[in-house]
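In what follows, chains carry the letters A, B, and so on, assigned in the order in which the sequence lines appear, proteins first and then strands, with residues in each chain numbered from 1.
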Amino acid sequence: MPELPEVETIKRDLFKRILNHKIRLVEIRDKKIVKSNNFVKKLIGNEIKGIERRGKLLIFVLKNKEYLLVHLKMTGQLMFKAKNKSGNVIGGHSLTKMEDNFSEKFTRVVIDFGVGKLFFNDMRRFGYMKIVGEEEKEKIITKDFGIEPLTPDFTWDKFNKLFNKRTTSIKAFLLNQKIIAGLGNIYADEACFCAGIKPDRQVNNINLEEIKKLFKCIPKILQLAIKNRGTTFNSFVDGDGQKGSHFNFLKVYGRHKEKCKRCSEKIKKIRLVGRGTHFCPGCQK
DNA sequence: GTGTTTGTTATCAA
DNA sequence: CTTGATAACAAACA
């Protein structure tokens, strides 16, 4: 599940690979993935001049000031494979099996940059790609997303105000992209552990001290996960097709029935907001 | 065959 | 209009 740290890792990887290379060919293998018209035509001959991120959404800035938006949803992957001297992508032989974290079994779109190809793979087909103009891009990044952690926009004043008059669980609050952008199921659970808050607590019952802890925990958790190049649980790979190493740093997510690293109590798993939710009964109140 | 996995949105309710 | 709760979607795997 690519969340903010995973998407950020991909962004940084692709920056080094695909910037300023003219797009030669675009192959759509699954029409469902592409959500805008004239997709191939708009890309061929174009260049990517920058890569931005808003929450879990990747924004490729095109030379003609249009924007290629890519959302990986649950199982999306974006990986660049360089070409060798004979013009074939390295490691791109198998069409069916996973070899070296790479197969074309679930490849939905391929963008050929001459120096290599960018593969959009997505087993579950929840992800999408679309090209939009300046106006629509601005509308999306302002309307659909809340405060962006890891930017100057994430201030104590703004964060604290978000807790006013809300009547939902802290877990649902953290998962809501319109409130805070970029947290998903893994990092929402991790943030709650870090702040010592049980995920089913109501937002209006969380005290100032706890809000302060959350304010510190959210960037801290995300930064560490980025440093470890993201969490690979099922399908996440970075822009080069490699796994992230943050899995072993997780305190609660995926550690059901295991001992808490801090207090040795058994990690519990419940269902909240329709999501698997992990917490430590000893550390979280 | 069944349950489980989750990011987002549609839908309905208040 | 805003907020919240819930189901639905998709496909593979244990």
Exercise for review: Taking only heavy atoms on the protein side, list every residue of residues 173-184 of chain A lying under 4.0 Å from any atom of DNA chain C, sorted numerically.
Suggested key: none
Study note, to complete from the structure: Which of C:dT6, B:dG7, C:dA12 is nearest the side chain of A:Phe106? It is C:dA12
Practice item. Using side-chain hydrogen bond (donor to acceptor under 3.5 Å, both in side chains) as the criterion, list what pairs up with A:Gln177, not counting sequence neighbours. Key: none
Review point. Just how far, in rounded Å, is P of B:dG7 from CD of A:Glu3?
Key: 5 Å
**Study point:** side chain to side chain contact (heavy atoms under 4.5 Å, CB included) partners for A:Lys161, two or more places apart
**Key:** A:Asp157, A:Asn164
Point to revise | Set of residues satisfying salt bridge (charged side-chain N to carboxylate O under 4.0 Å, His left out) with respect to A:Lys56, sequence neighbours excluded | key: none
Check your understanding: Which part of the nucleic acid does A:Thr167 contact within heavy-atom distance under 4.0 Å: base, sugar-phosphate only, or nothing?
Key -> sugar-phosphate
Check your understanding: Does A:Arg124 put a side-chain nitrogen or oxygen below 4.0 Å from OP1 or OP2 of B:dT6?
Key -> no
Practice item. Could you state the atom-to-atom distance from CG of A:Leu272 to P of C:dT6 in whole Å? Key: 10 Å
Review point. So what does A:Lys56 touch, heavy atoms closer than 4.0 Å: a base, only the sugar-phosphate, or nothing?
Key: sugar-phosphate
Practice item. Would you kindly give the OH-to-C1' distance between A:Tyr253 and B:dT4, to the nearest whole Å? Key: 11 Å
Check your understanding: Looking at A:Asp240, A:Thr9, A:Asp13, which one forms a side-chain hydrogen bond (donor to acceptor under 3.5 Å, both in side chains) with A:Arg229?
Key -> A:Asp13
Point to revise | Length of the line joining A:Ile33:CD1 and B:dG7:P, which is rounded to integer Å | key: 17 Å
Point to revise | Co-members of A:Val132 in a cluster of I, L, V, M, F, W and Y side chains, linked at under 4.5 Å | key: A:Leu57, A:Ile59, A:Val61, A:Tyr67, A:Leu69, A:Tyr128, A:Ile140, A:Ile141, A:Phe145
Exercise for review: Could you name each residue pair satisfying side chain to side chain donor-acceptor pair (under 3.5 Å) that touches residues 261-270 of chain A, not counting sequence neighbours?
Suggested key: none
Practice item. Taking atom types as modelled, find out whether A:Lys212 and A:Asn160 have a side-chain donor-acceptor pair closer than 3.5 angstrom. Key: no
Review point. Is A:Thr168 near enough to C:dA5 that one of its side-chain N or O atoms lies under 4.0 angstrom from OP1 or OP2?
Key: yes
Point to revise | Most 5' of A:Gly276 and A:Tyr128 on DNA chain B, judged by nearest nucleotide | key: A:Gly276
Check your understanding: With A:Arg166, which residues qualify under salt bridge (charged side-chain N to carboxylate O under 4.0 Å, His left out), at least two apart?
Key -> none
**Study point:** Within residues 198-208 of chain A, residues whose heavy atoms come under 4.0 Å of DNA chain B
**Key:** none
Review point. Want to settle it: does A:Arg275 or A:Lys165 sit nearer the 5' end of DNA chain C, counting the closest nucleotide to each?
Key: A:Lys165
Check your understanding: Hey, are A:Asp144 and A:Lys139 close enough for a salt bridge, meaning a charged N less than 4.0 Å from a carboxylate O?
Key -> no
Revision key, fill the gap. 5'-most contact on DNA chain B (nearest-nucleotide basis), A:Lys73 vs A:Lys269, goes to A:Lys269
Practice item. Indicate, with a heavy-atom threshold strictly under 4.0 Å, whether A:Arg125 touches base, sugar-phosphate, or nothing. Key: sugar-phosphate
Check your understanding: What is the distance, rounded to the nearest whole Å, between atom CG of A:Asp144 and atom P of B:dG7?
Key -> 17 Å
Review point. What integer distance in Å separates A:Leu58:CG from B:dG7:C1'?
Key: 14 Å
Review point. Which whole-number value in Å describes the distance from A:Arg166 CZ to C:dT2 P?
Key: 12 Å
Exercise for review: Give the nucleotide from the list C:dA12, B:dT6, C:dT6 with an atom nearest to the side chain of A:Met123.
Suggested key: C:dA12
Exercise for review: Would you mind reading off the distance between A:Leu162 atom CG and C:dG4 atom C1', rounded to a whole angstrom?
Suggested key: 16 Å
Check your understanding: In the hydrophobic cluster built from side-chain contacts under 4.5 Å, what are the other members alongside A:Ile267?
Key -> A:Phe193, A:Val252
